[in-house]
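Taking it in order: structure first as C-alpha cells, then the write-up.
Owing to the predicted nature of the structure, the values given are computational and were not obtained by experimental measurement. Both ligands and their constituent atoms are indexed starting at 1 by order of listing. All residue numbers refer to positions in the sequence shown, counting from 1.
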Amino acid sequence: MPCPTAASTDPPATIRMVDLQAQYRRIEADVQARIAAVLAHGQFIGGPEIVELEARLADYVGVAHGIAVSSGTDALLVALLALGVGPGDEVVTTPFTFVATVEVIALLGARPVFVDIDPATYNLDPALLAAAITPRTRAILPVSLYGQCADLDAINAVAARHGLPVIEDAAQSLGASYRGRRSGGLCHIGCTSFFPSKPLGCYGDGGACFTDDAALATAMRQIREHGQDRRYHHARLGINGRLDSLQAAVLLAKLAIFDDEVARRGRIGGGYSERLQGQGAHSTASADNGLLLPHIAPGCSSVYAQYTIQVDTRDAVQAALSARGIPTAVHYPVPLNAQPAYAGYCCQDCTPVAARAAERVLSLPMHPYLTDAELDAVVAALLAAIADSAI
Ligand SMILES: *Cc1c(COP(=O)(O)O)cnc(C)c1O
C-alpha cells in the first residue's frame, strides 16, 4: 500500500528526444519581446528581422550572402533552380538522408544518382564519387548527416576536376566545423533547415541558403520571390519561398544562445561516447555487444543533430528501450533508393553500406539540456536493453 504522505510524489522527469520546452524557458523573455516587435511593426513578410537574420547567419557561417527561405526543402530547391538543374540532368547524392534531399532533384525532372556512404561517418564516400559522374551530371549534393560535415575538401576536389558545383545539405550540421571552417560555408552553396528540432530551429518551417557567389545569391533571392527582379517583373521561374518575419524573430533569439548550445551538444555527444567506451564500445569497430559509436573524423566537430549508434537486433533494442521509458528514433530505416517513389532511379543493392546502416542505426535522446543523470540513465537502459535483446 503506497503511503499517501510519501515525499516523492513527483513522477520521474521524462527524458525527451528533443526538449524545446527547456530551451523556451531559457529564452522566453527575448522571444516574447521580439515577437511583440513584429506584431507592432506589422511587416510580416520581408521585415527588418529578415535582413538582420540573413546578415548574422552569413557572418556565422563565414560567407558573403545568406538568403532566408521557407524551409530546408525549399533551400535545396532554390539552390538547384539557381544552378539551372532541370530535366535530363543528373545530380549525384547519397541515399542515406532525409527524403527532401532527393525529392527536390526528382521534382525538377532531374535524376538522383546514388553514391554509397562511408561506413564510419554515414556521409557520401568521396572515393566512390568520380565513378558516378557522367556528361549529364550537373551538380553534387552531399549531406552532412547527424551533425558532422561530409568530407567536403575531397568532394570539392573531385567536383572541381569535373567543373561541377557542390551544394552541401547542411540541414543537420549548422554549427559544425570542418578543418577550421563552418558547415554551410564550405561549398558553392550551403543549405540549412530551421525545422523546430534541428540544431537551430524556429517555431515552424524555415531554412536558408549560403554562398560566396554574388550571382548565385542574386538568383536565389529572385527565385524565393517568384523569380522577380523587381516588383511584378519575373525574370526567371521561381517559387514562394520566403521565411516570414515572426520565424526570423524567433531565430534571432535562438542565435543569441546558439554558441552555448553547440558547445553543450558537443559535451553531451562526447558524454555519451565516454560512457559507452567505458563499456567496451568504439567508433571504428563494433564491441562484443554489437555497439558502434559515432565516429568524428579528425579536424571535424559534430553538433550531434542526432547521437546515432549502431547495434545488433536494433528493433528489439529500440522496443526494450521504449519499455524502459527511453525514446529513440531510426534515422533512416530505408535508404531512399529502396523507397517506392525513388526505386526507379537506381539498383537498390548498389549501396550496400547504406543498406546495412539502415538496419542497424538507432538515435538516442539528444538536446542541449540533457543532464549527466539523464545520460547515465539512457546509457544504463541501453546496456540493459542490449542484454535483454541478446537472450
Ligand atoms: C530536415 C532536413 C531537410 C529538410 O528540411 P525541412 O526544413 O524539413 O524542409 C533536408 N535535408 C536533411 C538532411 C534534413 O535533415
Within 4.0 Å of some non-hydrogen atom of T97, the atoms of ligand 1 are 13 (C)

TODO: Could you tell me how the ring of F98 sits relative to the ring of Y332: parallel (under 30°), tilted (30 to 60°) or perpendicular (over 60°)?
DONE: tilted

ask   = Is V250 linked to L39 within one hydrophobic cluster, defined over Ile, Leu, Val, Met, Phe, Trp and Tyr using a side-chain heavy-atom separation of less than 4.5 Å?
value = yes

Note: ligand 1 atoms sitting under 4.0 Å from heavy atoms of S193 are 5 (O), 6 (P), 7 (O)

min-distance protein heavy atom vs atom 8 (O) of ligand 1 -> F195 CD1, 3.9 Å

| task | Taking atom CG of N240 as the centre, report whether more than 12 heavy atoms of other residues, nucleotides or ligands fall under 6.0 Å from it. | result | yes

query: Quick one: do R111 and D89 make a salt bridge, cutoff under 4.0 Å?
result: no

Taking only non-hydrogen atoms of A171 and a 4.0 Å limit, the atoms of ligand 1 in range are 2 (C), 3 (C), 10 (C), 11 (N), 12 (C), 14 (C), 15 (O)

The atoms of ligand 1 lying under 4.0 Å from a heavy atom of V143, numbered in the order shown, are 13 (C)

Quiz item: Is there a nitrogen or oxygen of T73 sitting under 3.5 Å from a nitrogen or oxygen of ligand 1?
Solution: yes

Taking only non-hydrogen atoms of A100 and a 4.0 Å limit, the atoms of ligand 1 in range are 4 (C), 10 (C)

Is it true that, when you exclude R236 itself, more than 12 heavy atoms of the residues, nucleotides or ligands shown sit nearer than 6.0 Å to its CZ? yes

Does an N or O from D205, backbone or side chain, lie closer than 3.5 Å to an N or O of ligand 1? no

Can you confirm, on distance only, whether ligand 1 has an N/O atom lying under 3.5 Å from any N/O atom belonging to G72? yes

Quiz item: Centres of the Y60 and F258 rings: under 6.0 Å?
Solution: yes

One should read off an interatomic distance between L243 CG and L246 CG, to the nearest 0.5 angstrom, of 9.5 Å

shortest atom 1 (C) of ligand 1-to-protein heavy-atom contact is with K198 NZ, 1.4 Å

Within 4.0 Å of some non-hydrogen atom of T101, the atoms of ligand 1 are 11 (N)

The single option from S302, S301, S183 that satisfies side-chain hydrogen bond (donor to acceptor under 3.5 Å, both in side chains) with S173 is S183

> Is the shortest N/O to N/O distance between D169 and ligand 1 below 3.5 Å?
Replying inline: yes

